[in-house]
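Below: the structure, in structure tokens.
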Amino acid sequence: MSIKKSGSAVWQGGLKDGKGTVSTQSGVIQDVPYSFAKRFEGEAGSNPEELIGAAHASCYSMALSMILGEAGLTAERIATEAKVSLEEVEGGFAITAIHLDTVAKIPGADEAAFQDAANKAKEGCPVSKLFNAEISLSAKLEN
């Protein structure tokens, strides 16, 4: 099976004074503005790192759900945040790390089984496999 999805961006102007918009094939994200100030100076708005974080968090949560299902468990809720680190390195900037922070409510799950599933999801999530960055995880099971 091969699935192809797309995102697109349009940029106008120079690096610091320019601006752009980002969209997704589905139209769920449509012409969302992004800029140098939004990415590097803390101005409100979107940027590539938060979009990567959202993609990674959603992919990880689905992977964890799948692994739990294979163990006969169904989560009531999986909430994941992916913190993406963009750092200046030799030769420019790079995404050097992503920290996944997940909290899940899973009836009938014990801590050891949950941690095992959480780590398998971190390694097996297709978006995790994409990055050449350190990926860390904090996983908490709610009662």
Tell me which pairs pass side-chain hydrogen bond (donor to acceptor under 3.5 Å, both in side chains) where either residue lies in residues 129-139, with sequence neighbours left out.
His99-Ser136, His99-Ser138

With the side chain counted from C-beta on, respond yes when Phe114 and Leu73 share a heavy-atom pair under 4.5 Å apart, and no when they do not.
no

Which value, rounded to the nearest 0.5 Å, describes the distance between [X] atom [atom1] and [Y] atom [atom2]?
X: Ile67; Y: Lys122; atom1: CD1; atom2: NZ; answer: 12.0 Å
X: Thr96; Y: Glu88; atom1: OG1; atom2: CD; answer: 12.0 Å
X: Thr21; Y: Gln12; atom1: OG1; atom2: CD; answer: 7.5 Å
X: Ile106; Y: Arg77; atom1: CD1; atom2: CZ; answer: 12.0 Å
X: Lys19; Y: Tyr34; atom1: NZ; atom2: OH; answer: 12.5 Å
X: Leu64; Y: Thr102; atom1: CG; atom2: OG1; answer: 6.0 Å

[X] versus [Y], closest heavy-atom pair with distance:
X: Gln25; Y: Lys5; result: OE1-CA, 3.2 Å
X: Ala109; Y: Leu141; result: O-CD2, 3.6 Å
X: Ile78; Y: Ala75; result: CG1-CB, 3.6 Å

Do the side chain of Glu41 and the main chain of Phe36 share a donor and acceptor less than 3.5 angstrom apart?
no

Result block: side-chain N/O donor-acceptor pairs under 3.5 angstrom for residues 47-61, not counting sequence neighbours:
unit_1: Asn47; atom_1: OD1; unit_2: Glu49; atom_2: N; d: 3.1
unit_1: Asn47; atom_1: OD1; unit_2: Glu50; atom_2: N; d: 2.9
unit_1: Glu49; atom_1: OE1; unit_2: Arg39; atom_2: NE; d: 3.0
unit_1: Glu49; atom_1: OE2; unit_2: Arg39; atom_2: NE; d: 3.2
unit_1: Glu49; atom_1: OE2; unit_2: Arg39; atom_2: NH2; d: 2.5
unit_1: Glu50; atom_1: OE2; unit_2: Ser46; atom_2: OG; d: 2.8
unit_1: His56; atom_1: NE2; unit_2: Ser128; atom_2: OG; d: 2.8
unit_1: Ser58; atom_1: OG; unit_2: Ala54; atom_2: O; d: 3.0
unit_1: Ser58; atom_1: OG; unit_2: Ala55; atom_2: O; d: 3.0
unit_1: Tyr60; atom_1: OH; unit_2: Ala118; atom_2: O; d: 3.2
unit_1: Ser61; atom_1: OG; unit_2: Ala57; atom_2: O; d: 3.0
unit_1: Ser61; atom_1: OG; unit_2: Thr80; atom_2: OG1; d: 2.8

